[in-house]
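To start, the structure under review is shown below, and the notes come after it.
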2 protein chains.
Amino acid sequence: MSDRPDLGRGPTLRDVALRSGVAVSTASRALTRPGRVGAQTEARVRAVAEELGYVPSASARALTSGRTRTVALVVPDTANPLFFGMVRGVQSRLRDAGFVHVLADTEESVEREEQVMAELRGSVDGVVLAAPRADEASVTAWAEEFPVVTVNRDVPGPRVLIDTAGGVVHALQHLASLGHRRVAYAGGPRRSWSDRQRREALIAAAGGLDVELVVTGPYVPRREGGPAAADATLLHGCSAVIAFNDLLAFGILDRFAERGTTVPDEVSVVGCDDIFGTDLVRPGLTTVAVPVERAGAAAADLLLRRLAAGARGGARVVELPTHLVVRGSTGSVPR
Amino acid sequence: MSDRPDLGRGPTLRDVALRSGVAVSTASRALTRPGRVGAQTEARVRAVAEELGYVPSASARALTSGRTRTVALVVPDTANPLFFGMVRGVQSRLRDAGFVHVLADTEESVEREEQVMAELRGSVDGVVLAAPRADEASVTAWAEEFPVVTVNRDVPGPRVLIDTAGGVVHALQHLASLGHRRVAYAGGPRRSWSDRQRREALIAAAGGLDVELVVTGPYVPRREGGPAAADATLLHGCSAVIAFNDLLAFGILDRFAERGTTVPDEVSVVGCDDIFGTDLVRPGLTTVAVPVERAGAAAADLLLRRLAAGARGGARVVELPTHLVVRGSTGSVPR
DNA sequence: TTGTACGCGTTATCAA
DNA sequence: TTGATAACGCGTACAA
């Protein structure tokens, strides 16, 4: 039935103008600037647009305005439930502001990250860059070239930082108060800023708490990394382990169950992030709750502000606190 | 330091051409059609482009080519882990084909869905529409206007269908073989095609298996919906319940644990989807495994093929099988 | 092989 | 209030 070759995506403003008997400029105004045009002209144009099923071309708009009203969210691993909360946070804010968002996965690879950032520069107004793995120099360079807000990476420019360092210290205090004197930290990716923060904070805090901290790893921050971390914990004679993240902690719990090592009676386990599933396991996982959705929303806000203000948005920093969620996986030291 | 007002996004092709001492068209060819230009000219242009950090404008490209190289994935609820896998499946295929993808959440609302689809028409080449909630008429209309591939909705046009109906029947057979004679189906959203498929398949199969099927619900397909479903199961004297999805099943397990009703000794529970977490709960959740990532990939393939072939892509249908994963939440009928 | 000129759909500027 | 016209950045006929 349709005589157009399908890919010519619908009627254009010109069609609407023609059919309304007005000029394209008038049609444009009627649709985008209510009030700047004769009342009945506007009504007619709107009616025709509706009738024709007119949808403005985002590309053409972007071309004239210089802005695409699109921002990208770049994460290291879309399979990690941690980032889904972030996606939601970013999305909700963006949607309210009339923006679209694209999602990019860098697969924990620095090369992919650089490639993705380069491509994005030509197609979006800005980027929320979560837990970047690239050099500080690269990240800084990107941020100078176009609007970038980082999450969980302390580089110059607007950024959202989550104080998981403080959170894991609370976890360590919690363990110390339960009598643990030898605690393992099962580390995550070496390129992860978060990992370094957590590790260093734990090392610094251990002395004052009269706790010996044993750093193990790095482990892949997924469930598959857990078994090795569990075994290393026992090998080093630790009575508790703090895992880089919850996925790793799940794997640790798997391995302990498999070995017949009971949690928390024989060993305590603490995770980090409080992702989906922490209250599904038995015992429930004690973990450092990270407000990812808020972080995503905050990052989106920062980016939107930056876009509205041009380069003069300043380099605002939002710091979000964490809190320890105590469930069943931690208990008194075995004796 | 930078003297440009920040939002003029980088150098244009014109800048590259000027600095290379060639015409824009030549620069264009040098960068997009390797070989169609003098070898050293090409080298020079490429070098200059590199030096300037030139990135082509996606908007301008889209305007001339008519294609944005962007497709959208529209899902009812981004918080549902079920869709995580689908996102990954879609994304991996799209990335390989050089496409970008945007994610849209319709929040289980028909209105949002219609709004989103209308907006998308002007900004993407096509859409993967997962589990649409709108009328068949609306979905059909969209599919006629621009390339749409649906997942889990049996409407005309290219589509991916997952045979969860077959899966839940297997689950029912499994329960029947364990001696269950009265089984509840805790239903999902009334507008969900999947729900209807599952419900009707179960009703049809129950007779032949000598099982009485009690349909309860609808419940919100999230963990919060579970408690009511659990109570209804017991109220109706059923010894087993098949939940519309795993999230609902998790909530059902919560409630049974709270009531002190042991699973599977007193009551068996079956979920659907096999999302993240089904092997985290204890006992592990017996569930119908849905190949979401494959579904996403298949949908992306269908869409890419459609885009490559114009309207003549035909309405290919991909049907994906499911399988029953038996874990600890199902057992013999109590006596 | 390379350059010129036009068009894609929209918004902004300037006249009328 | 409305209309004509010039951009925006790129691809691509067509001409040289």
Side-chain angles (χ1 to χ4, degrees), chain A residues 4-5 7-46 48-49 52-70 119 121-125 146, chain B residues 4-5 7-46 48-49 52-70 119 121-125 146:
Chain A
R4 221 184 288 93
L7 269 179
R9 268 199 321 311
T12 94
L13 193 56
R14 204 168 143 274
D15 299 326
V16 175
L18 235 53
R19 201 114 133 72
S20 311
V22 299
V24 276
S25 49
T26 305
S28 173
R29 281 183 290 243
L31 296 173
T32 57
R33 302 277 179 71
R36 299 278 304 162
V37 82
Q40 60 178 19
T41 309
E42 178 179 332
R44 187 153 30 92
V45 172
R46 298 196 101 91
V48 170
L52 258 43
Y54 165 75
V55 177
S57 154
S59 317
R61 262 198 183 150
L63 198 55
T64 48
S65 65
R67 292 171 304 104
T68 59
R69 298 198 74 76
T70 301
E119 289 171 3
R121 242 189 67 196
S123 39
V124 302
D125 289 345
F146 72 126
Chain B
R4 219 183 290 94
L7 268 180
R9 265 199 327 312
T12 98
L13 193 57
R14 202 166 144 277
D15 299 326
V16 175
L18 234 54
R19 201 115 131 71
S20 312
V22 299
V24 275
S25 53
T26 305
S28 172
R29 282 182 288 243
L31 296 173
T32 57
R33 299 280 177 71
R36 299 278 303 163
V37 81
Q40 60 178 17
T41 309
E42 179 179 330
R44 185 152 32 91
V45 172
R46 297 197 100 93
V48 170
L52 258 44
Y54 166 74
V55 178
S57 153
S59 319
R61 260 200 186 149
L63 200 54
T64 48
S65 66
R67 292 170 307 107
T68 59
R69 298 197 75 75
T70 301
E119 288 171 1
R121 239 189 68 197
S123 39
V124 302
D125 290 344
F146 72 126

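Not measured: the values here are computed from a predicted model. Naming: A, B, ... by sequence-line order, numbering from 1 per chain.
- Residue A/R69 contributes atom CZ, which lies 14 Å from atom C1' of C/dT11 at whole-angstrom precision.
- The phosphate of C/dT10 (OP1 or OP2) has no side-chain N or O of A/S28 nearer than 4.0 angstrom.
- For the pair A/V22 and A/R44, the minimum side-chain heavy-atom distance is below 4.5 Å.
- The 5' end of DNA chain C is approached more closely, in terms of each residue's nearest nucleotide, by B/V37 than by the other of B/V37 and A/R33.
- Residue contacts for A/T41: at a heavy-atom cut-off of 4.0 Å it reaches the sugar-phosphate backbone alone, with no base atom in range.
- Looking only at side-chain heavy atoms (C-beta outward), A/V45 and A/L31 come within less than 4.5 Å of each other.
- When DNA chain D is scanned 5' to 3' for any atom under 4.0 Å from a heavy atom of chain B, the first and last hits are D/dG9 to D/dA13.
- Under the 4.5 Å side-chain criterion, counting only non-hydrogen atoms from C-beta, A/S59 is in contact with B/T68.
- Put simply, B/R29 has no side-chain N or O that comes within less than 4.0 Å of OP1 or OP2 on C/dG3.
- Applying the 4.0 Å criterion to OP1 and OP2 of C/dT13, one finds that A/S25 has every side-chain N and O outside that range.
- Nearest-nucleotide mapping onto DNA chain C: of A/R14 and B/T26, the residue sitting toward the 5' end is B/T26.
- From one end of the helix from C/dT1-D/dA16 to C/dA16-D/dT1 to the other, with five pairs defining each end axis, the axis direction shifts by 40° (rounded to 10°).
- Heavy atoms of B/V24 sit nowhere under 4.0 angstrom from any nucleic acid atom.
- For the pair B/P56 and A/A23, both in contact range of DNA chain D, the more 5′-proximal nearest nucleotide belongs to A/A23.
- Residues B/V37 and B/A30 approach most closely at CG1-CA, 4.0 Å, considering heavy atoms.
- The interatomic distance linking B/L63 (CG) with C/dG9 (P) rounds to 7 Å, in whole Å.
- Residues satisfying the side chain to side chain donor-acceptor pair (under 3.5 Å) criterion with B/R19, sequence neighbours excluded, are B/E51.
- For the pair B/S25/B/R29, a side-chain contact is recorded, criterion being any heavy-atom separation below 4.5 Å from C-beta on.
- Side-chain contact between A/L13 and A/S28 is present, with heavy atoms from C-beta onward closer than 4.5 Å.
- Taking 4.5 Å as the limit, every side-chain heavy atom of B/D15 sits out of range of all side-chain heavy atoms of B/Y54.
- Rounded to whole angstrom, the span from the CZ atom of A/R36 across to the P atom of C/dT13 amounts to 11 Å.
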(request) Kindly determine whether A/R61 and A/T32 satisfy side chain to side chain contact (heavy atoms under 4.5 Å, CB included), including the steps that lead there. (result) CA-CA 12 Å; A/R61 262 198 183 150; A/T32 57; 3.6 Å; yes
